[in-house]
Chemist: 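Take a look at the following structure, please.
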Protein chains: 2
Amino acid sequence: MSETIKKPYHHSNLYQALLEAGVRLLEEKGVNGFSLREVAKRAGVSHAAPYRHFKNKSELLKALALYGFRKLTEGIQAVVEAAPEDPETQLVESAQAYVELVMVHPAIADLMFGDRSADMEFCDPEQAIAMNSFSGLANIIARGQQAGVFIEGETLELAITAWAQVHGFALLFRSSQKRERFGLETEPALKLQLRKSCEMLLTGIKRTE
Amino acid sequence: MSETIKKPYHHSNLYQALLEAGVRLLEEKGVNGFSLREVAKRAGVSHAAPYRHFKNKSELLKALALYGFRKLTEGIQAVVEAAPEDPETQLVESAQAYVELVMVHPAIADLMFGDRSADMEFCDPEQAIAMNSFSGLANIIARGQQAGVFIEGETLELAITAWAQVHGFALLFRSSQKRERFGLETEPALKLQLRKSCEMLLTGIKRTE
DNA sequence: ACCTGAACACCGTTCAAGT
DNA sequence: ACCTGAACACCGTTCAAGT
């Protein structure tokens, strides 16, 4: 009787344990090798236990995608604060942070931006979290315009353009196969090309007269 | 005896029938709802029959992805021929073709560019087919440089930048959810924003004092 | 309240066997 | 040569039952 040492069923916080096991499994096996049953096994519970905490597999993956969006937002926030008066540097360094996240957590990037993100119906507060990454970029553009560094015009249109550039670069070279094919297999080479691409976004690829 | 009318087992060309059933299933159910057993059922054969023609599920998906790459290459080729002397128009219209492919065949785009494309190990001739889409873009840049329309510098670096821009735009707005969120739910609105983004790529977003 | 174990309907893949 | 049917090891999900 009284307080026994014996654990009630398992460790105290299954929700968190599932998320952590999920991240690890994701990084080991990728999105396609990811199964709810394996996550449960790694967390030391039966395969039905996760359903106490997540409506289904998609909801667990959504939680992991949101983790990625938070990381990305933090990364962008950090580089903005590191160069508070320099929108150009903020833009280039945000791009580096974006690419780095995709390189370090490719499977989570797949969740954030891949085909499963179509299935994931974010509720409003979740949408907000996912959107904060874009807002970070849009704010850089907005402040850059106010400072007279970027051209005038609809901020949203500039931000979409910058975002597409960075997003496309990151996703194109997510696969090591493509990095090798373009001689960008080393991190410095990749970062240098990204820097050049950002520079071209800034100054254009069209010859001026 | 002699030639009977009775079909040997099924329709004559199972390989082609599997591809066609595959495209339809893909467009109905998306990449995640795609199963080899269902493709076989739709082609009217047993679930094991596809293994006579494809090593496994991935090989069928690879064949479908290659179909997408061929379509994209054709699309780019067509717009180049439609404006043979105008690299700028070629670039913008290629972008439109790229985006259109992703919008019209989202599930095939997922195969071409999504996380499954990491699993897909292209052999050399297949790589070449997949790469032709990029080569089309790179050639536009190269000819534009020769014509003095685009800035000088490494063609590959310019091409990567343009490609990233177009690719990022196409993938960002592949989901109707995001198109709606940015007021780009109609096709004209989306095309207009793409045109603007291409324009910014050409002339830059940095203010020239 | 929280978890288990059996059950169901689906997978991908393999293989002996049929024509 | 081409296809079938049974079999195996895996899924995601549900649900009555246990503590």
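Throughout, protein chains are lettered first and strands after them, A, B, ... in sequence-line order, and every chain is numbered starting at 1. Keep in mind it's a predicted model, so treat the numbers as computed, not measured.
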Chemist: Please report, to 0.1 Å, the donor-acceptor pairs under 3.5 Å made by any side chain of residues 157-171 of chain A, with sequence neighbours excluded.
Modeler:
unit_1: A/E157; atom_1: OE2; unit_2: B/K196; atom_2: NZ; d: 2.7
unit_1: A/T161; atom_1: OG1; unit_2: A/E157; atom_2: O; d: 2.9
unit_1: A/T161; atom_1: OG1; unit_2: B/S197; atom_2: OG; d: 2.8
unit_1: A/W163; atom_1: NE1; unit_2: A/Y98; atom_2: OH; d: 3.3
unit_1: A/Q165; atom_1: NE2; unit_2: B/T161; atom_2: O; d: 3.4
unit_1: A/H167; atom_1: ND1; unit_2: A/Y98; atom_2: OH; d: 2.7

Chemist: Would you kindly give the NZ-to-C1' distance between A/K55 and D/dT14, to the nearest whole Å?
Modeler: 14 Å

Chemist: Between B/R52 (CZ) and C/dT14 (C1'), how many Å, whole number?
Modeler: 10 Å

Chemist: Using atom CG of B/N13 as one end and atom P of D/dC2 as the other, report the distance to the nearest whole Å.
Modeler: 11 Å

Chemist: Less than 4.5 Å apart, any side-chain heavy atom of A/L61 and any of A/F34?
Modeler: yes

Chemist: Check the pair B/Q96 / B/V79 against side chain to side chain contact (heavy atoms under 4.5 Å, CB included), numbers first and verdict last.
Modeler: CA-CA 10 Å; B/Q96 303 282 4; B/V79 304; over 6 Å; no

Chemist: Can you list every stem that DNA chain C is part of, counting only runs of 3 or more consecutive Watson-Crick or G-U wobble pairs with both distances under 3.5 Å?
Modeler: C:4-8 with D:12-16, C:12-16 with D:4-8

Chemist: Does the pair A/C198 and A/R195 meet the rule for a side chain to side chain contact (heavy atoms under 4.5 Å, CB included), with working shown?
Modeler: CA-CA 5 Å; A/C198 286; A/R195 191 168 293 278; 5.8 Å; no

Chemist: In whole angstrom, give the distance that lies between atom CG of A/L36 and atom C1' of D/dC10.
Modeler: 14 Å

Chemist: Side chain of A/A48 only, heavy atoms from C-beta on: which candidate in C/dC11, D/dT14, D/dT4 is closest?
Modeler: D/dT14

Chemist: Please determine whether side chain to side chain contact (heavy atoms under 4.5 Å, CB included) holds for the pair B/E100 and B/K191, giving the CA-CA distance in whole Å, both sets of side-chain angles, and the decisive distance to 0.1 Å.
Modeler: CA-CA 9 Å; B/E100 197 160 311; B/K191 290 201 149 191; 3.5 Å; yes

Chemist: To the nearest Å, give me how far apart NZ (B/K41) and P (C/dC11) are.
Modeler: 7 Å

Chemist: Can you tell me how far P of C/dG5 sits from OH of A/Y51, to the nearest Å?
Modeler: 17 Å

Chemist: So, is A/S35 close to the D/dC11 phosphate, meaning a side-chain N or O under 4.0 Å from OP1 or OP2?
Modeler: yes

Chemist: In whole angstrom, give the distance that lies between atom NE2 of B/H47 and atom C1' of D/dT4.
Modeler: 8 Å

Chemist: Would you sort out whether B/M103 and B/R179 count as a side chain to side chain contact (heavy atoms under 4.5 Å, CB included), showing the intermediate values?
Modeler: CA-CA 11 Å; B/M103 301 273 290; B/R179 287 198 300 275; 3.3 Å; yes

Chemist: Kindly state which residues belonging to residues 56-64 of chain B come within less than 4.0 angstrom of DNA chain C, counting heavy atoms of the residue only, listed by number.
Modeler: B/N56, B/K57

Chemist: Counting C-beta onward and ignoring hydrogens, is there a side-chain heavy-atom pair between A/D115 and B/R116 closer than 4.5 Å?
Modeler: yes

Chemist: Whole angstrom is fine here: how far is it from CG in A/N32 over to C1' in D/dC11?
Modeler: 13 Å

Chemist: Using atom types as modelled and distance alone, determine if a side-chain donor or acceptor of A/E126 lies under 3.5 Å from a backbone N or O of A/C123.
Modeler: yes

Chemist: Calculate, to the nearest 0.5 Å, the distance between atoms OG and CZ belonging to B/S133 and B/R70 respectively.
Modeler: 10.5 Å

